[in-house]
Student: 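The structure is given below, and queries will be raised subsequently.
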Amino acid sequence: MKICIVGAGYVGLTASVALARSGHQVITVEKDKSRLNRLRQGVSTIYEPGVNDLLRAEEVKGKLTFTDTLVDGLADAQIAMVAVGTPSLSDGRIDLTAINEVCQEIACIARSRLIVVMKSTVPPGTGKRLCERFFSSCPADIRYVSNPEFLREGSALHDWYHPDRIVVGSSDLGAAKDVLTLYEDIEAPKLVVSVASAELAKYASNAFLATKISFINEVANLCELVGADIEEVAAALGQDSRIGHKFLKAGIGYGGSCFPKDTKALDYVSSFNGYTFSVLKAVIEVNVRQRIRAVHKLSLTLGGLGNKRIAVLGLAFKPETDDVREAPALDIINYLVSEGATVTAYDPVACENARKHLAQGVLICEDPYDATRGCQAILVATEWDEFTTLDWSRVKQQMREPFLVFDGRNCLDAERLRSLGFLYIGVGRGYGLARVTAE
Ligand code: UGA
C-alpha cells in the first residue's frame with residue numbers, strides 16, 4: 001500500500017520504518033526543516049533502539065522517503081496516517097490544534113478515495129467531531145479509522161512487531177479491514193470496534209497501567225509504616241495470574257509523555273461528560289505526592305535540606321530513552337533546590353534534554369562519579385544499568401556523611417550497599433521513615 005504518515009515523532013517515525021520494512025511504500029511528512037534534513041540523511045530524530053538502522057535501510061531501498069508538504073505526501077496515497085503531537089493544556093484538556101490543522105489540510109487536498117488513520121492519542125469523541133467538521137463534507141471519499149498505538153518508548157519497534165492486540169475503530173467495516181492489512185505480517189489479536197471505543201480503549205489502557213503503579217506505590221508507602229518489604233509483597237501479588245507481575249514496580253512515580261497527560265485528559269473528559277472518575281483522580285494525586293514524598297524522605301533523613309549536597313542519578317523518565325517529559329527527577333530536583341539544597345545531576349543520555357527544565361545552579365556532570373563527589377546523599381531516579389553496576393565502593397570513598405543512598409526505583413542491591421556502609425533507603429523496602437530517622 002502507499003501510505004503517507006504525517007509527523008515523524010516517536011509514533012510517526014516508528015510506524016514509518018516498520019511499515020516500510022513490511023513492504024509498504026511510505027512517505028512521511030515532517031514540517032520541521034532541520035528534522036527533515038536529518039531524516040533525509042538517514043539520521044533518526046528520536047532515541048529509539050533499532051529505528052536508526054531501519055531508517056537507513058529502508059531509505060536506501062527506496063521504500064521510505066520524507067517530504068515537508070502534505071500535497072507531496074498525499075499524492076497517490078491510499079492511507080493517510082496522522083501521528084502529530086497532542087500536547088496537554090494546563091487544565092488537562094488536549095490541545096488538538098495540530099490534529100485539526102492536519103485533518104483540514106487533508107480534507108482540502110484529497111482528490112480520490114482515502115482512508116484517514118488516526119494514530120495520535122485523541123480524546124474519545126474526537127474522531128466523530130473530525131468527521132463532522134472536515135471529512136463528511138469533503139468531495140473526496142474519505143473514510144476514518146481510529147488505530148491507537150500501544151508502543152512503549154525504548155522498545156517501540158519490539159512492541160510494533162509483538163503487540164498484545166491491534167485495535168481498529170471505524171463505522172466502515174471495509175476501511176477497518178483495509179487498515180488491518182497493514183498488519184498482515186503481525187501475529188496478534190485484532191479487534192474491530194467503534195471509533196469511540198478504540199479511542200477510549202487507548203486512554204483506559206494507560207489509565208489502568210498508571211493505576212497499577214499508583215496502587216503499588218501506596219502499598220509501598222504502607223510497607224514503610226508496618227515494616228514490610230514491597231519487593232516481597234509485589235512478588236506475592238504478581239503471582240496471582242489475575243493480577244500479574246508487570247507494572248508493580250514501586251518507586252518515585254510514573255512520568256513520560258503518556259501516563260501523566262492521558263490520565264489528566266481522561267479525568268477532564270469524564271468531568272466534561274458529567275462523571276467523576278474517582279479512582280483516576282486518586283491515581284493522579286498519588287503520583288504527584290510520590291515525588292513530594294521523596295523530597296520529604298530526603299529532608300527527614302538528612303535533617304533538613306538547606307546547604308545539603310545531593311546527587312541525582314537519572315533524569316530520563318525511564319531507562320533507554322532521552323525523554324525527560326514529566327520525569328519525576330526534574331520535579332524532585334527543582335523542589336530540592338527551592339528548599340536550599342545544592343544539586344548535581346547525571347544521566348547517560350538525557351542531560352541535554354533536561355538542562356532547560358532544571359533550576360538555576362543545578363550542575364549537570366559528565367559522569368556519575370563527578371556527580372556524586374562530595375555529596376551527602378544520592379537519589380537514584382532512573383533505573384539505568386549504569387547505576388546498578390556502578391563501582392559503589394569508589395562512590396562511598398568520595399562521599400560525605402551520612403552516605404545516604406535513596407533508591408527511588410528499588411533497583412540497587414540494598415544489602416550490598418548497607419554492607420559497604422551506605423545508609424540505604426528505597427521505596428517501601430521494609431525500612432520505614434521511623435526507623436531511618438531513629439538511627
Ligand atoms: C506507555 C504505555 O506503556 C504504552 O503502552 C503506551 O503506548 C504509551 O505509554 C503511549 O501512550 O504512547 P511509555 O510512556 O513509553 O509507555 O512508558 P512505560 O514503560 O509504560 O512507563 C511509564 C512510566 O511508568 C515510567 O516513568 C516508568 O518508570 C513508570 N513505571 C512503570 C513505574 O513506576 N512502575 C512500573 O512498574 C512500570
Side-chain angles (χ1 to χ4, degrees), residues 1-46 48 51-87 96-122 126-127 130-131 133-147 149 156-157 160 175 178-179 181-183:
M1 281 229 214
K2 286 199 162 179
I3 308 165
C4 166
I5 297 183
V6 191
Y10 278 95
V11 176
L13 193 55
T14 303
S16 300
V17 299
L19 288 168
R21 192 185 124 166
S22 293
H24 300 286
Q25 190 62 46
V26 177
I27 178 159
T28 300
V29 183
E30 173 54 63
K31 294 217 156 147
D32 181 296
K33 292 269 186 238
S34 78
R35 285 160 68 100
L36 180 70
N37 285 338
R38 286 180 63 188
L39 291 166
R40 281 180 166 159
Q41 286 157 21
V43 181
S44 173
T45 46
I46 59 170
E48 190 61 47
V51 166
N52 212 46
D53 293 344
L54 269 190
L55 170 68
R56 282 203 190 130
E58 298 309 321
E59 277 190 294
V60 170
K61 279 195 251 163
K63 282 285 176 195
L64 175 60
T65 53
F66 292 91
T67 175
D68 58 352
T69 70
L70 251 179
V71 175
D72 285 351
L74 288 178
D76 304 331
Q78 293 147 287
I79 287 187
M81 190 175 270
V82 181
V84 294
T86 50
L96 291 170
T97 310
I99 295 278
N100 287 332
E101 279 172 10
V102 168
C103 289
Q104 185 170 30
E105 229 186 306
I106 291 174
C108 289
I109 295 167
R111 289 282 164 267
S112 51
R113 209 163 181 204
L114 182 72
I115 300 176
V116 172
V117 176
M118 185 55 67
K119 266 277 170 218
S120 302
T121 300
V122 293
T126 304
L130 292 172
C131 289
R133 204 169 151 191
F134 303 118
F135 301 134
S136 45
S137 54
C138 176
D141 173 14
I142 295 188
R143 295 172 297 156
Y144 184 89
V145 175
S146 165
N147 176 212
E149 54 81 24
L157 271 180
W160 180 278
D178 284 348
V179 172
T181 63
L182 298 179
Y183 304 106

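Bear in mind that the values here come from a model prediction, so they are computed numbers and not experimental data. Heavy atoms only: backbone and side chains are in, while hydrogens, waters and symmetry mates are out.
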Student: Can you sort out the partners of D32 under side chain to side chain contact (heavy atoms under 4.5 Å, CB included), two or more places apart, ordered by chain and number?
Tutor: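 Testing D32 for side chain to side chain contact (heavy atoms under 4.5 Å, CB included), a comparison that skips the adjacent residues, returns E30, S34, R35.
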Student: side-chain contact (heavy atoms from CB on, under 4.5 Å) between I5 and K119: does it pass, once the steps are laid out?
Tutor: CA-CA 10 Å; I5 297 183; K119 266 277 170 218; over 6 Å; no
Student: Do Y183 and N147 have side chains that approach each other closer than 4.5 Å (heavy atoms only, starting at C-beta)?
Tutor: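 Y183 reaches N147 side chain to side chain.
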Student: Any heavy-atom pair between the side chains of S120 and V11 that's under 4.5 Å?
Tutor: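 Side chain of V11 against side chain of S120, heavy atoms only: no contact under 4.5 Å found.
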Student: Do K63 and L19 come within less than 4.5 Å of each other through their side chains, counting heavy atoms only?
Tutor: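 When only atoms from C-beta onward are counted, L19 and K63 do not touch, as no gap falls below 4.5 Å.
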Student: Is the closest side-chain heavy-atom distance between L13 and S44 below 4.5 Å?
Tutor: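 Touching, per the 4.5 Å side-chain cut-off.
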Student: When you look at Q25 and I3, which way does the side-chain contact (heavy atoms from CB on, under 4.5 Å) test go after all the steps?
Tutor: CA-CA 6 Å; Q25 190 62 46; I3 308 165; over 6 Å; no
Student: Do L64 and L54 have side chains that get closer than 4.5 Å, going by heavy atoms?
Tutor: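 Result no, sub-4.5 Å side-chain heavy-atom pair not found.
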Student: Which atoms form the tightest heavy-atom contact between L130 and C103, and what is the distance?
Tutor: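 Heavy atoms only, the tightest pair is CD1-SG, 3.9 Å.
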Student: Just by distance, do the side chain of T67 and the backbone of V29 share a donor-acceptor pair under 3.5 Å?
Tutor: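 Here the side-chain-to-backbone pair does not exist.
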Student: Before you tell me yes or no, could you show the steps for F134 and V116 under side-chain contact (heavy atoms from CB on, under 4.5 Å), namely the whole-Å CA-CA distance, both residues' side-chain angles and the distance that decides it to 0.1 Å?
Tutor: CA-CA 11 Å; F134 303 118; V116 172; over 6 Å; no
Student: Distance check, rounded to the nearest 0.5 Å: I106 atom CD1 versus Y144 atom OH?
Tutor: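 Nearest 0.5 Å value for the CD1-OH distance: 10.0 Å.
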Student: Please round to the nearest 0.5 Å and tell me the distance separating atom CZ of R143 and atom CG of D178.
Tutor: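 R143 CZ to D178 CG: 5.5 Å, rounded to 0.5 Å.
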Student: Please name the pair of heavy atoms, one in G73 and one in A77, separated by the smallest distance, quoted to 0.1 Å.
Tutor: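 For G73 versus A77, the nearest heavy atoms are O-CB, 3.8 Å.
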Student: Using only atom types and a distance under 3.5 Å, with no angle test, would you say the side chain of R40 pairs donor to acceptor with the backbone of F66?
Tutor: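 Here the side-chain-to-backbone pair exists.
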Student: Taking side chain to side chain contact (heavy atoms under 4.5 Å, CB included) as the criterion, tell me which of D76, L70, I79, L114 meets it with C4.
Tutor: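 When D76, L70, I79, L114 are each tested with C4, the side chain to side chain contact (heavy atoms under 4.5 Å, CB included) holds only for L70.
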Student: Return the minimal non-hydrogen interatomic distance between V17 and V51, and the atom names on each side.
Tutor: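 So the two residues come closest at CG1-O, 4.1 Å.
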Student: Looking at R133 and E101, is any side-chain nitrogen of the basic one under 4.0 Å from a carboxylate oxygen of the acidic one?
Tutor: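 Looking at R133 together with E101, the answer is no, because their closest N to O distance does not fall below 4.0 Å.
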Student: How about D141 and F135: do any of their side-chain heavy atoms sit closer than 4.5 Å?
Tutor: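 A side-chain contact under 4.5 Å is absent here.
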Student: For E149, enumerate each residue passing the side-chain hydrogen bond (donor to acceptor under 3.5 Å, both in side chains) test, keeping only those at least two apart in sequence or located in another chain.
Tutor: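 E149 satisfies side-chain hydrogen bond (donor to acceptor under 3.5 Å, both in side chains) with K202 only.
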Student: Is the shortest side-chain N to carboxylate O distance from E59 to R56 below 4.0 Å?
Tutor: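 Answer for the salt bridge query: no.
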Student: Taking atom types as modelled and ignoring hydrogens, do the side chains of T28 and S16 form a donor-acceptor contact shorter than 3.5 angstrom?
Tutor: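 Yes, side-chain donor-acceptor contact under 3.5 Å.
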Student: Of all heavy-atom pairs between A98 and G85, which one has the smallest distance, and what is that distance?
Tutor: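 Nearest heavy atoms, A98 then G85: CB-O, 3.9 Å.
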Student: Can you measure from CG (N37) to NZ (K33) and round to the nearest 0.5 angstrom?
Tutor: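 Result: 8.0 Å between the selected atoms.
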Student: Could you state the interatomic distance from CD (Q78) to OG (S112), rounded to the nearest 0.5 Å?
Tutor: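 Q78 atom CD to S112 atom OG measures 9.0 Å (nearest 0.5 Å).
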Student: Locate the shortest heavy-atom distance separating I46 from G9; write the atom from each residue and the value.
Tutor: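 That closest heavy-atom pairing would be CG2-C, 4.1 Å.
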Student: Does the side-chain contact (heavy atoms from CB on, under 4.5 Å) test come out yes or no for V117 and V82, once each step is laid out?
Tutor: CA-CA 6 Å; V117 176; V82 181; over 6 Å; no
Student: Using a 4.5 Å cut-off on heavy atoms from C-beta on, say whether the side chain of E58 contacts that of R21.
Tutor: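 R21 reaches E58 side chain to side chain.
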Student: For A107 versus I142, what's the shortest heavy-atom pair and its separation?
Tutor: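 In this case the closest contact between A107 and I142 is CA-CD1, 4.2 Å.
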Student: Less than 4.5 Å apart, any side-chain heavy atom of H24 and any of L182?
Tutor: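 A side-chain contact exists here, since the closest heavy-atom pair is under 4.5 Å.
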Student: Using 4.0 Å as the upper bound for N to carboxylate O, is an ion pair formed by K31 and D68?
Tutor: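 Salt bridge between D68 and K31, a charged N being under 4.0 Å from a carboxylate O: no.
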